[in-house]
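What you see is a predicted model, and the numbers here were worked out from it, not measured in a lab. Values below: all heavy atoms of this structure, side chains included; hydrogens, waters and symmetry mates excluded. Both ligands and their constituent atoms are indexed starting at 1 by order of listing. The chain is numbered in sequence order, starting from 1.
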Amino acid sequence: MKTFAVLHASQLVTLAGAARPRIGPEMRELRIIENGGMLVRDEVIVATGTSDEIARNVPADAELIDAAGRVVLPGFVDAHAHPVFAGNRVDEFEMRALGKSYEEIAAAGGGIRSTVRKTRAATEAELEQQALKHLQRFVACGTTTVEAKSGYGLSVEDELKILRVIRSVAARSSLEIVPTFLGAHAVPPEFEGDLQRYAALVIDEMLPLVAAEGLAEYCDIFCERGYFDVGTAGRILGAAKNHGLALRMHVDQLTNYGGAALAAQLGAATADHLEQTEADGIAALKRANVQPVLLPGSVYALGKTRYPRAREMIDAGLAVVLATDFNPGSSPTPSIPMVLSLAATQMKMSPAEAVTSATVNAACSLNRVDKIGSLEPGKLANFSIFDCNDYRELAYYFGIPQTHAVYVRGVEAFRA
Ligand code: NIG
Ligand code: FE
């Protein structure tokens, strides 16, 4: 049995409180302990308190971690990411800089399809190696749990290949990974013009295999003009539900397409993106208690200006989540601190609301709030130590690494 204590944190940001999504003014209550301490036994937090309280009860043989002059937070929970793919899309990044839009590039055969071509050609070992490299960068930014979607295979064989890669990197990475099946990410070229035939492949062949092998907890879909319409999305997700998968959805990213209402109707865990969602969509999400997952990194990286209406969502009582959307096309960042910065500057979320969105609320959206998302006795010792005195500096000093060390289940996963 290994016991250690973290002492003298300038702020121990606990987010202690009920094991449920935080809404409205609760999102600003971080339950910070100044000059804080925390006692960890094996992989679990045993106590939090002032550094003096914790120091008084530390066993003689315990290791001590001095966090003086540093902030300690729960490990970030990134509830929306696409970390398994081959290659990158740096050429499209340059094309956008020179004036082309994401939609124009996709219509010309680039976009998701270009990553699908490369990912199909890659072996499991190659995908694994690239994914592990990306995942270590998430850890370096203070993240300890990452949701991982498939979606760059779009054939039975290649979707299963990606999900198996997700499973094997989950076993090899220090991070906790939550797998999501996104076979309905785009219609692959061999099904061009025959959406229904591809939907049938997803429903009749992919979903039963994914469920039988236990390869995913969630099913996701890209509900968007030119991708999956509301009716087809409803059928695919209904089938996923019948296989016991919970639902997440990409909705209203490029156009206001009715996806938020569908997420509400299906009782999805989350509706993600929502850049184009208006008041009616927000009201529908609230009626069904669907959590919005906001992805400002994708708005920023696509050079767009319309961010989701986070303030209205918070005022409506929605339990907002923030995530990176890490992927090669629209959001090549694994950095939650960057997302916190965008949330503050572009969506007028307070730094405290942003931290709540990327920790405890994100943990709720992944059905894991009993184990992660806050620093409280009984929860896993997943935490990050940052080189600043005040948690707000994480979003304020954007674009620089401030991570000092990261622990997952009580084990050091990163040190600067
Ligand atoms: O979340 N919107 C759909 N999927 C991704 C983009 C994927 C890509 O361009 O490769 C997203 O933004
Ligand atoms: Fe996404």
Side-chain angles (χ1 to χ4, degrees), residues 78-93 95-96 100-120 127 130-131 134 138 146-154 158-159 162 166 178-188 218-229 233 247-257 259-260 263 268-277 292-304 306-308 321-334 339 342 362 365-366:
D78 192 341
H80 182 136
H82 310 243
V84 180
F85 55 85
N88 63 40
R89 302 234 291 277
V90 71
D91 50 343
E92 295 184 4
F93 171 69
M95 286 161 80
R96 286 199 304 276
K100 286 255 182 301
S101 72
Y102 180 81
E103 292 88 331
E104 284 165 342
I105 294 168
I112 293 171
R113 281 185 178 187
S114 88
T115 298
V116 168
R117 283 193 290 276
K118 294 177 202 154
T119 304
R120 285 178 173 179
L127 291 174
Q130 184 169 337
H134 290 310
F138 283 82
V146 176
E147 186 250 11
K149 304 178 194 295
S150 65
Y152 291 115
L154 311 186
D158 292 298
E159 282 299 305
I162 295 169
I166 291 173
V178 181
T180 294
F181 170 59
L182 177 55
H185 195 191
V187 176
Y218 291 91
C219 183
D220 195 342
I221 195 162
F222 189 18
C223 185
E224 179 63 65
R225 195 179 301 284
Y227 294 84
F228 295 87
D229 60 78
L247 309 180
R248 318 181 83 78
M249 295 176 65
H250 285 70
V251 303
D252 298 348
Q253 178 183 14
L254 307 172
T255 57
N256 186 342
Y257 201 52
T270 67
D272 306 34
H273 276 290
L274 303 169
E275 285 87 333
Q276 314 299 329
T277 305
V293 180
L294 309 184
L295 310 163
S298 68
V299 184
Y300 169 77
L302 291 180
K304 301 200 176 208
R306 182 165 166 155
Y307 286 82
V321 176
L322 284 168
T324 61
D325 194 15
F326 177 74
N327 76 73
S330 67
S331 191
T333 183
V339 168
L342 291 169
S365 86
L366 293 171

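Per residue His250, closest N, O or S atom to the Fe ion (ligand 2): atom name NE2. Asp325 contributes OD1 as its N, O or S atom closest to the Fe ion (ligand 2).
Put simply, the side chain of Asp252 reaches to within 4.5 Å of the side chain of Tyr257, judged on heavy atoms. With a 4.5 Å cut-off on side-chain heavy atoms, Thr270 and Tyr218 do not count as touching. At a threshold of 4.5 Å between non-hydrogen side-chain atoms, the residues Glu275 and Ser298 count as touching. Looking only at side-chain heavy atoms (C-beta outward), Arg89 and Thr115 come within less than 4.5 Å of each other. The side-chain heavy atoms of Glu224 and Gln253, taken from C-beta on, include a pair separated by under 4.5 Å. In this structure the side chain of Pro328 never reaches within 4.5 angstrom of the side chain of Lys118, judged on heavy atoms.
Ligand 1 places these atoms under 4.0 Å from at least one heavy atom of Asn327: 5 (C), 6 (C), 7 (C), 8 (C), 9 (O), 10 (O), 11 (C), 12 (O). Atoms of ligand 1 lying under 4.0 Å from any heavy atom of Ile112, numbered from 1 in the order shown and given with element: 7 (C), 8 (C), 9 (O), 10 (O).
Considering backbone and side-chain N/O of Ser298, none are found under 3.5 Å from N/O of ligand 1. Annotation: Thr115 places no N or O atom under 3.5 Å from an N or O atom of ligand 1; distance criterion only.
Here His82 reaches the Fe ion (ligand 2): one of its N/O/S atoms is less than 2.8 Å from the metal. Among the atoms of Asp220, no N, O or S atom falls under 2.8 Å of the Fe ion (ligand 2).
Scanning the protein for heavy atoms near atom 2 (N) of ligand 1, the closest one is Gln253 OE1, 2.7 Å. With hydrogens left out, the protein atom closest to atom 12 (O) of ligand 1 is Ser330 OG, 2.5 Å, a heavy atom. Of all protein heavy atoms, the one lying nearest to atom 7 (C) of ligand 1 is Tyr152 OH, 3.2 Å. In this structure, the protein non-hydrogen atom closest to atom 11 (C) of ligand 1 is Asp325 OD2, 3.2 Å. The single protein non-hydrogen atom nearest to atom 3 (C) of ligand 1 is His185 NE2, 3.4 Å, given as residue, atom name and distance.
Under a 4.0 Å heavy-atom criterion, Tyr102 is in contact with ligand 1. For the ligand labelled ligand 1, residue Tyr227 lies outside the 4.0 Å heavy-atom shell.
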Taking it one step at a time, do Asp325 and His80 satisfy side chain to side chain donor-acceptor pair (under 3.5 Å)? CA-CA 5 Å; Asp325 194 15; His80 182 136; 2.9 Å; yes

Verdict with supporting geometry, Glu103 and Lys304, salt bridge (charged side-chain N to carboxylate O under 4.0 Å, His left out): CA-CA 12 Å; Glu103 292 88 331; Lys304 301 200 176 208; 2.8 Å; yes

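Interatomic distance, NE2 of His185 versus CZ of Phe228, reported as 9.5 Å (0.5 Å rounding).
Residue contacts with ligand 1, taken as heavy atom pairs separated by less than 4.0 Å, do not involve Glu224 at all.
Within a 6.0 Å radius of OH in Tyr300, no more than 12 heavy atoms belonging to other residues, nucleotides or ligands are found.
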